[in-house]
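Inspection log for the structure reproduced underneath, given as structure tokens.
Numbered from 1 within each chain, the chains take letters A, B, ... in sequence-line order. In this text, all values refer to a predicted model and were calculated from it rather than measured experimentally.
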Amino acid sequence: MTRTKRQATPSVSKNWAMIKAQLLNKAHSPVGSISRPQWNQLVEALHNLKAPLGKNLYRALVEAFALLDRMHEEVTEKKSAMPRLPLPLPTVLLHLTIDSWRRQAAEFATKGKVFPISAKSLLQKVEHFTETGLFDPSAKTYGMLVEGMASTEDKHNAPILAEELLERMTKQYGQDPAGRKLECAPNTVIVNSIINLWIKSGRSDSMDAIERKFQKLKDWYRFSGRDDQKPNAYTYSSLISALGRCGHHQAVERAETLLREYEASTGKQPCTVLYTSFCQTLATTNAPGAADRAQAVLNEMLFRSRHGEDMARPNSYTILAVVSTYLKEGRIDEAEVLVRNMEDLSRQRADDGLRPGIFCYNSLIHACAKNGNAEHAESILNHLLDSAESGNSILQPNIVTWNNVLHAWAKSKHPARAQRASNVFKRMRLLDRAGISGASADTRTLNILIDCYVNSPNPKAFVHQSIELFESVKSQGVDSSSGIFDPVSYRGMMDLLCKAGEFDRALRLHKRYIEKSTAPEAPLQPDRAYFNVLMSGLARSGWEKAVESVEAMLTEMHSLAKLGYNTHPDVVSYNSLLNCFATSSQVNAPSKAFSALRRMEQLWANGDLSAAPDASSYSAVCATWANAGLAEGAEKAEEVLRHMLLHRDQKIQSTSQVFNTVMVAYARQGDAPKVQKLFDEWLETDNTYDSRIYVTLLQAWSKAGNPESTASVLYELIRLFDSAAIRNPPTTQMFNAVLQAWLRSGRKHAEVQIKAGVDEMSSLATSGRFPCAPDALTYSTLFSACVRSGRDDLGELAHNGLLELKSRFVTTRNPMYRPDLRIFAEAIMLVAMDDKYSTKDILSQLLLELNAVNGTIWKKQGQIAMNRILAAISRSTINEKEVLAQLGVEIMRAQNVSPDESTRKFLARCCNKEGQQA
DNA sequence: ATAGGGTTAG
């Protein structure tokens with residue numbers, strides 16, 4: 001008796017194991033043979049699944065589906081006898097299963113995996129259950145299915161599927177208005193879910209679809225007055241965030257209308273999410289004044305929540321949205337101030353909800369990275385680490401924080417950037433080993449770190465370190481979700497090895513990677529992007545074997561593609577080959593380049609759209625001709641341009657890159673009128689803008705020594721900029737071209753024109769109109785013209801110019817303002833030639849500064865420069881020639897410059913005159 | 001049952 005009782009109330013798992021063994025095994029219980037008590041056991045088993053669903057969701061889910069399928073088969077088999085079974089089953093059983101499926105699928109999606117049961121197949125199942133009467137689904141059932149589409153269906157198709165489902169629901173409900181139950185009508189929740197599918201779809205028509213959906217919901221509500229068909233805060237919030245994310249042409253205006261509409265239709269003030277969505281839309285659209293408006297919204301929210309009103313209290317999402325608006329406008333400092341203020345306020349109000357989250361800090365760090373300020377990025381990390389150590393768990397840096405800081409060093413110009421990145425990585429590993437969460441390196445960490453090495457000033461120095469890292473990570477055998485090398489890592493390694501000039505090593509590693517990644521069951525496979533990076537690295541390298549290696553890899557891509565890998569060469573792959581030819585010195589490079597281009601055109605004609613030559617392809621072939629060192633190089637390049645204009649893919653809208661390459665070729669031959677002709681043709685036929693092409697024309701006229709034509713190009717650029725037709729203002733480089741044209745023109749009084757030009761540049765730059773502050777080249781041009789003029793009244797002008805340049809260099813540390821040997825030499829000559837200005841003190845001071853000009857430049861130019869200086873001094877009327885000559889000799893000795901015959905001649909002249917006077 | 005967030009790679 002006791003025994004039977006124990007058996008009658010077995011544990012859930014025991015019960016389940018027994019049922020599974022007996023009832024799901026068709027050999028034991030053939031379909032159609034299940035008795036009423038056994039049926040009840042099946043139902044009970046479904047109920048009991050509720051408990052384990054939370055823990056081992058996936059297994060429970062598989063079991064639930066097995067049970068449902070078994071019951072469905074049973075019902076189908078026994079259809080005639082159905083009245084004996086208590087059908088339909090309670091809907092909650094179905095909902096429990098679908099809800100678990102939805103949650104499980106969402107979790108899979110966050111890990112980048114696709115759940116094996118799709119919404120589409122589940123929907124089919126549900127429809128079968130409905131047909132047999134096993135279940136009677138409601139709008140809630142379909143709602144959850146629509147929800148699950150977001151994570152199991154292709155995002156492009158998901159909203160279409162959902163719309164079809166809604167269509168069927170609407171039809172069914174409408175066909176039987178009297179008999180249908182209220183809960184089967186399509187409702188607000190399902191429409192909201194569909195709107196969210198549209199937002200995530202990435203389709204170009206999504207905004208229209210969303211507006212139509214919204215309109216439809218409003219129509220239903222107007223007709224029925226049902227509360228479950230009324231647009232709610234979820235609806236408005238989704239709509240407002242859609243405006244930014246799907247690209248509405250007047251997003252902000254529409255968002256404001258929607259906010260007002262929400263207030264009018266609900267009688268409620270907007271809540272936190274609505275305000276936050278509004279700020280997000282301001283951020284994504286980057287509307288004028290976005291940051292100030294977002295800040296105003298935040299202030300309003302803070303004001304309303306001041307006395308504990310919860311409805312509109314800002315949270316970390318809100319703060320992030322406002323911070324993003326500042327960052328989009330480049331107002332990093334103000335973003336930081338806002339974050340600090342919110343930290344203070346949350347302390348003041350004793351409200352942790354007001355604190356900026358780690359996402360805010362990660363965005364700030366990313367902004368620093370973009371700004372090149374890695375030092376500051378790291379200081380924010382340090383602040384976070386300090387505050388985490390003092391018990392602040394909300395601000396624990398996570399992997400993105402660390403990755404962003406490393407990224408900041410990768411983009412930095414700091415001389416020790418790679419070393420600093422290495423140090424950050426070391427700290428990371430220490431903390432990780434100490435069990436601190438968020439510091440465990442993932443694949444991105446490794447990739448960014450390699451990127452730091454690639455971008456270091458001396459990639460060669462980090463080859464060893466990278467290979468060590470590479471080997472250590474590989475041998476650790478960590479799980480595949482984090483910390484292993486992926487194709488991107490291999491790409492990075494290849495990039496590093498190419499930049500370091502270690503081509504043989506790169507090719508060896510490449511071979512190993514291909515062997516490993518094409519082995520059966522290999523976790524990683526070679527892909528097109530991997531090959532493209534490697535090939536473009538080789539193409540850029542200037543290595544003599546680049547052409548043959550890239551050719552071999554192209555063949556390899558083809559053969560791997562035949563084996564089913566995603567390595568079919570595309571236009572980028574072919575362009576690498578073409579770029580090899582463009583820099584190759586092989587005599588047959590042009591013909592090989594042209595035949596490669598032909599092959600691409602052939603593939604394209606045969607329907608392989610990914611291989612259609614683009615502007616870069618044609619430009620590379622033009623460059624191959626231009627660089628081949630042939631007399632007719634420019635003409636041949638132009639033939640390629642003509643060929644492209646006739647046969648190009650219409651997707652190439654901008655032809656400027658190709659025009660530019662051909663123009664550069666003619667410019668090199670000194671044929672400025674031809675360059676102008678091509679420019680005019682480009683202007684007439686191409687409506688895209690390209691600053692490079694203007695620069696080429698400018699340089700061509702400048703090189704031809706035609707100041708009027710050069711200046712007219714510059715004036716045109718100024719006119720375009722002032723009329724807002726182009727965004728980039730004229731720069732120092734462009735003004736310099738005009739000055740150089742004057743110098744090259746060899747005309748009389750060119751120095752007067754150039755001096756006027758330099759003054760104009762200074763005043764335009766000081767007034768902030770254009771970034772055209774005179775640089776080293778500007779003064780070099782001016783001084784050369786002055787020296788050439790032979791005038792003896794320019795000492796003060798030269799001296800002041802040099803001082804101005806020097807101070808600009810000291811304040812900016814920008815190398816374009818660094819005075820070089822030539823500038824110093826010519827300034828000294830001009831001072832020496834000016835009897836009224838020159839003194840021994842000025843000249844010896846200048847000579848000492850000349851000596852401080854560092855660099856290897858002395859080896860090449862030192863002798864000529866010193867000879868010219870000594871010549872000028874020897875011709876001057878100054879008294880202390882011998883002293884100055886002595887100084888010159890000392891400088892030459894210090895700089896390892898050996899005197900020649902002219903040197904000795906001028907030295908002798910300096911001393912002789914001195915001697916005569918004595 | 002329904003909404004919103006940060007990073008890398010030619």
>> In whole Å, I'd like the distance from the OH atom of A/Tyr361 to the C1' atom of B/dT7.
In response: 19 Å
> Rounded to whole angstrom units, what separation is found between the CG atom of A/Leu446 and the C1' atom of B/dA9?
Replying inline: 14 Å
> Just checking A/Val533: base, sugar-phosphate only, or nothing, at a heavy-atom cut-off of under 4.0 Å?
Replying inline: sugar-phosphate
>> Quick test of your reading: applying salt bridge (Lys or Arg N to Asp or Glu O under 4.0 Å), list the pairs with at least one residue in residues 529-539 of chain A, sequence neighbours left out, ordered by first then second residue.
In response: none
> Whole-Å distance between B/dA1 P and A/Leu166 CG?
Replying inline: 20 Å
>> Rounding to an integer number of Å, can you tell me how far A/Asn232 CG sits from B/dA3 C1'?
In response: 10 Å
> Between B/dG4, B/dA1, B/dT7, which nucleotide has the shortest distance from any of its atoms to the side chain of A/Lys200?
Replying inline: B/dG4
> B/dG4, B/dA9, B/dG5: which one has an atom nearest the side-chain heavy atoms of A/Thr318?
Replying inline: B/dG4
> Is the distance between the ring centroids of A/Tyr236 and A/Phe278 under 6.0 Å?
Replying inline: no
> Within the structure shown, what part of the strands sits under 4.0 Å from A/Ser363 by heavy-atom distance: base, sugar-phosphate, or nothing?
Replying inline: sugar-phosphate
> Within the distance-only criterion (no hydrogens, no angle test), does the side chain of A/Glu263 pair as donor or acceptor with the backbone N or O of A/Pro270 below 3.5 angstrom?
Replying inline: no
> Side chain of A/Asn192: nearest nucleotide among B/dG6, B/dT2, B/dG4?
Replying inline: B/dT2
> Whole Å only: how far is the CD1 atom of A/Ile399 from the C1' atom of B/dT8?
Replying inline: 12 Å
> To the nearest angstrom, how far is A/Leu96 atom CG from B/dA1 atom C1'?
Replying inline: 13 Å
>> How close do A/Thr567 and A/Pro526 get, counting heavy atoms only, and between which atoms?
In response: CG2-O, 3.6 Å
>> Looking at the base of B/dG4, is there any donor atom on it, or on the side chain of A/Thr276, that sits under 3.5 Å from an acceptor on the other one?
In response: yes
> How would you list, by chain and number, every residue that makes a salt bridge (charged side-chain N to carboxylate O under 4.0 Å, His left out) with A/Arg420, sequence neighbours excluded?
Replying inline: A/Glu375, A/Glu378
>> Could you report the tightest heavy-atom contact between A/Pro397 and A/Leu385, atom names first, then the distance?
In response: CG-CD2, 3.7 Å
>> Let's test your reading of the model: under 3.5 Å, does the base of B/dG6 pair with the side chain of A/Asn398 as donor and acceptor?
In response: yes
>> So which atom in A/Leu364 and which in A/Ile332 form the shortest heavy-atom distance, rounded to 0.1 Å?
In response: CD2-O, 4.5 Å
> Considering only B/dG4, B/dG5, B/dT2, which nucleotide approaches the side chain of A/Ser316 most closely?
Replying inline: B/dG5
> Atom NZ of A/Lys140 and atom C1' of B/dT2: how far apart are they, to the nearest Å?
Replying inline: 12 Å
>> With a 4.0 Å cutoff (strictly under), does any side-chain N or O of A/Arg102 reach OP1 or OP2 of B/dT2?
In response: yes
>> So is the aromatic ring of A/Tyr234 stacked onto the base of B/dA3, judging by whether the centres are under 5.5 Å apart and the planes are under 30° apart?
In response: no
>> So if I take every side-chain heavy atom of A/Tyr317 and compare against B/dG4, B/dG6, B/dT2, which nucleotide ends up nearest?
In response: B/dG4
> With sugar-phosphate meaning primed atoms plus P, OP1 and OP2, does A/Asn579 contact a base, only sugar-phosphate, or nothing at under 4.0 Å between heavy atoms?
Replying inline: nothing
> So what does A/Asn315 hit on the nucleic acid, given a heavy-atom distance under 4.0 Å: a base, only sugar-phosphate, or nothing?
Replying inline: base
>> I need the NE2-C1' distance between A/His407 and B/dT8, as an integer number of Å.
In response: 7 Å
> Of all the nucleotides listed (B/dT2, B/dG4, B/dT7), which has the minimum atom distance to the side chain of A/Arg444?
Replying inline: B/dT7
> Closest to the A/Asp99 side chain: B/dT8, B/dG5, B/dA1?
Replying inline: B/dA1
>> By the 4.0 Å heavy-atom rule, please label A/Arg528 as base, sugar-phosphate, or nothing.
In response: nothing
> At under 4.0 Å between heavy atoms, what does A/Asn404 touch on the DNA or RNA strands: base, sugar-phosphate, or nothing?
Replying inline: sugar-phosphate
> Side-chain donor or acceptor of A/Asp228 under 3.5 Å from a matching atom on the base of B/dA1?
Replying inline: no
> Between B/dA3, B/dG6, B/dT2, which one does the side chain of A/Asn196 approach most closely?
Replying inline: B/dA3
> Which nucleotide in the list B/dA1, B/dT7, B/dG4 gets nearest to the side chain of A/Gln280?
Replying inline: B/dG4
